[in-house]
There are 2 protein chains.
Amino acid sequence: MTTPPGPEPRRRNAASTRQAILDAAVAAFCQRGYDGVGVREIAADAGVTAMLVNRYFGSKEGLFEEVVEVVLAPPSVVPETPEDLVRRTAEALVARSAPAADPENPFQLTLLSAHNPRAAEIVRAAMLRHVVARLARLLPGDLAQERGEILLSVVMGIWMMRKVIGTPGLVAIPPEQLETQLAAMLAVIAEPPASG
Amino acid sequence: MTTPPGPEPRRRNAASTRQAILDAAVAAFCQRGYDGVGVREIAADAGVTAMLVNRYFGSKEGLFEEVVEVVLAPPSVVPETPEDLVRRTAEALVARSAPAADPENPFQLTLLSAHNPRAAEIVRAAMLRHVVARLARLLPGDLAQERGEILLSVVMGIWMMRKVIGTPGLVAIPPEQLETQLAAMLAVIAEPPASG
DNA sequence: GTCTATAGAAAGATAGAC
DNA sequence: GTCTATCTTTCTATAGAC
């Protein structure tokens, strides 16, 4: 064997190392929020040392910016009509906020990071650019952006109580009953408001 | 003058010192959450040293438990009927989640502390014992606790987006329009669900 | 009852070797 | 391209003087 003794260094490949760090960061930040994880831990999950996180992303904050972009950019639901929006949003919310569901999602990332003002500002900007902009395009009538933000508020609140806090009623309720209640509530916002 | 030189020690009074620490902690935790503030800072706001916090409350976590109790125990609204509940909740939510409103309130304390699992558990227990229990008593029909938690989710979500994240639509919307939208949405949850 | 001083852990970021 | 080692700060909590 020509392999030298001592721990074998990771294969040197900037692109795959960078991606490994980003993947580990997405998982970690979505599950524990910006302040809940350290760069050491993310680096260890990616199989590298903490130094490389700063080498590739400048700082923990720079890494978080990329994570937010990756997680918030893809649409959660792709509806055709406002009625479709209500139905699919209620469906997706109930499914994805279930206790055992995949924790990698934009709402959990937001909720767990929002207490940090720097992280909240990064999330706010990306949320407006991606999520709110999409919702506002789909809602007919006046106050489209405002109603989009209200709709998003309901999604965030349910996520908070059901998945982050874990109140027993929302954990134990039959999913179809929760879906019915949510759809009825969201429909009020999705329909064009009475102008006055 | 008989005053000795050097910094004057605080007047020794256990009860008032304890209360000063608790008051400072309520303000600090409500504005920045459990992990956002250190014991040193709370102590400094109360005019004492960090050591006394642990002396009177055992630990930062013990102090937080008392703060949660103080903030969550008093009811935010005291309605007589379900319709009253909807109207007053929408009113109070719009007024108290306004950008310039008093930050000392149960929702902000919850939202800013929930990312920490220990703090979340403390908040969860107190929220069930106080807030959810009150709501469930007021809602007629089946699934009272579950609908109470949904109602609370809407309140938390609006608070999150309007006051913590600060999305522009919810910051700039005329308060009466927001109140109208919220009341319409909450009414769907407050009315007894169709059984079956 | 309150203080100063410090222990002990963990965080983000950087220097310099290989 | 990646590592080890370290700097600096910040945190909770405790020991012991007055």
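Letters A, B, ... are given to chains in the order of the sequence lines, protein chains preceding strands, and every chain is numbered from 1.
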From NZ of B:Lys60 over to C1' of C:dA10, roughly how many Å is that when rounded to an integer? 14 Å
Does a nitrogen or oxygen in the side chain of A:Thr17 sit under 4.0 Å from OP1 or OP2 of D:dT2? yes
Over how many whole Å does the gap from A:Phe64 atom CZ to C:dG12 atom C1' extend? 16 Å
Roughly, in whole Å, what's the span from CZ in A:Phe57 to P in C:dG12? 15 Å
Indicate whether the side chain of B:Gln177 and that of B:Gln181 have a donor and an acceptor atom separated by less than 3.5 Å. no
5'-most contact on DNA chain C (nearest-nucleotide basis), A:Ala50 vs A:Glu41, goes to A:Glu41
Base, sugar-phosphate, or nothing: which does B:Val53 touch, judged by heavy atoms less than 4.0 Å apart? nothing
Taking only side-chain N and O atoms of A:Arg55, does any of them lie within less than 4.0 angstrom of OP1 or OP2 on D:dG1? yes
What is the distance, rounded to the nearest whole Å, between atom CD1 of A:Ile21 and atom C1' of D:dG1? 11 Å
Touch check for B:Tyr56, heavy atoms < 4.0 angstrom, all strands: base, sugar-phosphate only, or nothing? sugar-phosphate
d(CG, A:Asn54; P, C:dA15) in whole Å: 12 Å
Whole-Å distance separating the CG atom of A:Asp35 from the P atom of C:dA10: 17 Å
Do the side-chain N or O atoms of B:Thr49 get closer than 4.0 angstrom to the phosphate oxygens (OP1, OP2) of C:dC3? yes
Any idea how A:Phe64 and A:Tyr34 line up, ring-wise: parallel (<30°), tilted (30 to 60°), or perpendicular (>60°)? perpendicular
If only side-chain N and O atoms count, and only distance matters, is there a donor-acceptor pair under 3.5 Å linking B:Glu61 with B:Ser59? no
How long is the line joining CD of B:Glu61 and C1' of D:dC11, in whole Å? 15 Å
Are A:Asp35 and A:His115 linked by a side-chain donor-acceptor pair shorter than 3.5 Å? yes
Kindly indicate, with the supporting measurements, whether the criterion side-chain contact (heavy atoms from CB on, under 4.5 Å) is fulfilled by A:Leu178 and A:Arg162. CA-CA 11 Å; A:Leu178 179 56; A:Arg162 192 174 190 222; 3.7 Å; yes
When the distance from CG of B:Leu52 to P of C:dT4 is rounded to whole Å, what number comes out? 10 Å
In terms of the nearest nucleotide of DNA chain D, which residue is placed more toward the 5' end: A:Arg40 or B:Ser59? A:Arg40
